[in-house]
Number of protein chains: 2
Amino acid sequence: MPRQTVSHEEGAIYEFTPALDPIATVESGAELTIETRDSLDGAVQTDDDLIESVPEEVNAATGPIEVADAEPGDVLAVEIEDVRLAEDRGRVVTIEGFGLLDGHEDIEAPRTTVTPVADDTSPDADGTAADADANTDAVIEFGDHEVAVDPCIGTIGVAPAEESFTTLVPHDHGGNLDTTDVSAGNTIYFPVFQAGAMLAMGDSKAAMADGEMCGTGAEIATDIDVTVSVIDGDDVAIELDRPLIETPDAWKTVASAESMEEACELANMDAISLLVAEHGFDPTEAYMFSSLVGGLEISQVVDPLVTVRNALPKTHCDGPF
Amino acid sequence: MPRQTVSHEEGAIYEFTPALDPIATVESGAELTIETRDSLDGAVQTDDDLIESVPEEVNAATGPIEVADAEPGDVLAVEIEDVRLAEDRGRVVTIEGFGLLDGHEDIEAPRTTVTPVADDTSPDADGTAADADANTDAVIEFGDHEVAVDPCIGTIGVAPAEESFTTLVPHDHGGNLDTTDVSAGNTIYFPVFQAGAMLAMGDSKAAMADGEMCGTGAEIATDIDVTVSVIDGDDVAIELDRPLIETPDAWKTVASAESMEEACELANMDAISLLVAEHGFDPTEAYMFSSLVGGLEISQVVDPLVTVRNALPKTHCDGPF
């Protein structure tokens, strides 16, 4: 089967709802290229393009893509093979009412800094003719500073169980997780809440810090290569309630909540479930063990719910599949 | 000058106060070995030794050590050369009223798991005769799981400006930071608030996860090699308000506060100060740049104030000294 392309021009959502109409249907095991537009729908092209308030529609997620045979109780695996920049610039913005330091006296909003994509092998590159596909050698320019391109997918998820969530919000279905580990080489697993799963993704960044403090990374359009697979719920060692990420070295539970403390609790409880299922620990033993290896990490502290992860090194966790 | 030893038997504090009496006085540039006892003062030697409530005196910090010529406004650099295990076992405990999941129905407190130190080259090691000095190859045993020894110093600080803080509490003077990066190969910098700085440290762990979720790592006595140096405040590019850590790859601001959100704000503002001083950014530019590189990290989420850090990679930050 050739790799199938699904573009934001065919359809994109601004809300993950329980009942989504797919723009494409694929089989488990399908290899896809998902084309995404930037989180601000192209509204920002120069430093003069300011975002006065958080747009009602933001983080367009290409999809939904129905995965045949995915049923509630199953797990959808999204193996991310590549995230390629699809335009010649990213953009970092501050928006009034948004961001970790929103309202601090020294912080100005709205402000925009466009970050041209360039090639770090050419010190004089002006960013206008960069080979945006060559991520390995690419940088973005923030003023006269070059930042290595390290793309991640900001918004990715499936149709939720009962509630609806705009693409500004992260929750158990995924959504606006803004997690740097959602990147090439890693796999993200979602609980399937609805028949067909209804995968959608967008809101990529050319680079982002853990925390996403100012409210954005370098927002940019991307072409994302993934393989999607359905895992029968009966073959999973735990009941997966929330997204889970596999990196080459670790399993990372991902939890979103109103406070960071609450998100930490959920991420840690999910890590405990993995350790209990695999090692036969009782929950208290698993809790104590989780206090020795890996640990809690910050995804983002700026969205309506914040997101935290709990990493378990593969030396101590084989994962639930 | 031979390396000078300062032992907890000569003196240890359970509270960082503005007016501390030193047990030793050293010159700037002194090479020291600091001997510390475990955070629970040896009360836990077997799994049957339970801690019913947080002890009034906990995290004994060996010292205070007066560093001659350190004056308020200066910076004290503590270069950590080695942290050696000084006993044959660590201990992980839960304590009622303490820990991320305190009060959750599945979590039992008090509970103790002693973690014998062993040698991972010998699969049958029983932990009783381990060479506790050979950190490189050492592991701790958690049941039949071996965890690599990777020691860190839990409590380290200087005399604070005005308030007093027990050694259970982290704040701008350091104290119970419970930060995995306070470890061999790194340097931690403190603001000097009082003449002589009055350095003290203890509460080491043989291993700890970022977050220290159950309330402890593997608590253990250690011998710590450090070099202490005074940096003239006039030679520092920023006003250092809180601890700062230098690793081989990054500068990490460290902030403690009542909520994680507040700690994130402080750590991010300190990172912004570094970027403004070095690159001539305005604060908003620095804030946006901080949202692209490095990022927020969790130190601990269990102490009376929680601790967060903001890492800036050295590729983008040369530090303030």
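Given the structure is predicted, the values throughout are model-derived calculations rather than measurements. Every chain is numbered from 1 and lettered A, B, ... according to where its sequence line falls, protein lines coming before strand lines. Just so you know, these numbers use all the heavy atoms, side chains as well, and skip hydrogens, waters and symmetry mates.
- Comparing B/Ile140, B/Leu101, B/Val293 by how many heavy-atom pairs each has under 4.5 Å with chain A, the most go to B/Leu101.
- At distances below 3.5 Å, at least one donor-acceptor pair connects side-chain atoms of B/Glu261 with backbone N or O atoms of A/Met260.
- The closest side-chain heavy-atom distance from A/Met269 to B/Asp106 is not below 4.5 Å.
- Ranked by heavy-atom pairs shorter than 4.5 Å toward chain A, the options B/Val301, B/Asn268, B/Val93, B/Val302 are led by B/Asn268.
- Within the 4.5 Å cutoff, side-chain heavy atoms of B/Phe289 are placed close to those of A/Val147.
- Sorted by first and then second residue, the pairs that involve residues 277-287 of chain B and meet salt bridge (charged side-chain N to carboxylate O under 4.0 Å, His left out), not counting sequence neighbours, are A/Arg111-B/Asp282.
- Looking at B/Asp144, neither its backbone nor its side chain comes within 4.5 Å of chain A, counting heavy atoms on both sides.
- Counting heavy-atom pairs closer than 4.5 Å to chain A, the top residue among B/Cys264, B/Pro313, B/Gly99, B/Gly211 is B/Cys264.
- Taken to the nearest 0.5 Å, the CG atom of A/Leu296 stands 11.0 Å off from the CD atom of B/Gln300.
- What you find for B/Tyr287 and A/Leu100 is that their closest heavy atoms are OH-N, 3.1 Å.
- Residue contact with chain A, scored on non-hydrogen atoms closer than 4.5 Å, involves the side chain of B/Phe142 exclusively.
- Nearest approach of B/Gly295 to A/Ala209, heavy atoms of both residues: CA-CB, 3.9 Å.
- Evaluated for a side-chain contact (heavy atoms from CB on, under 4.5 Å) with A/Met288, the options B/Thr115, B/Thr112, B/Val92 yield exactly one hit, B/Val92.
- Only the backbone of A/Thr216 comes within contact range of chain B, judged by heavy atoms closer than 4.5 Å.
- Taking a 6.0 Å sphere around CD of B/Glu239, one finds it holds 12 or fewer heavy atoms contributed by other residues, nucleotides or ligands.
- In terms of heavy atoms, A/Ser291 sits closest to B/Cys214 at OG-N, 3.2 Å.
- Separation of the B/His145 and A/Phe281 ring centroids falls under the 6.0 Å cut-off.
- With a 4.5 angstrom heavy-atom cutoff, A/Asp102 touches chain B only via backbone atoms.
- Residue pairs meeting the salt bridge (charged side-chain N to carboxylate O under 4.0 Å, His left out) criterion with at least one partner in residues 245-259 of chain A, sequence neighbours excluded, are A/Asp181-A/Lys252, A/Glu246-A/Lys314, A/Lys252-A/Glu297.
- In this structure, A/Ser290 and B/Met213 approach most closely via the heavy-atom pair O-CE, 3.4 Å.
- Heavy atoms of other residues, nucleotides or ligands lying less than 6.0 angstrom from CD of B/Glu262 number more than 12.
- Chosen from A/Ala218, A/Ala286, A/Ala206, A/Pro283, the residue pairing most often with chain B at heavy-atom distances under 4.5 Å is A/Pro283.
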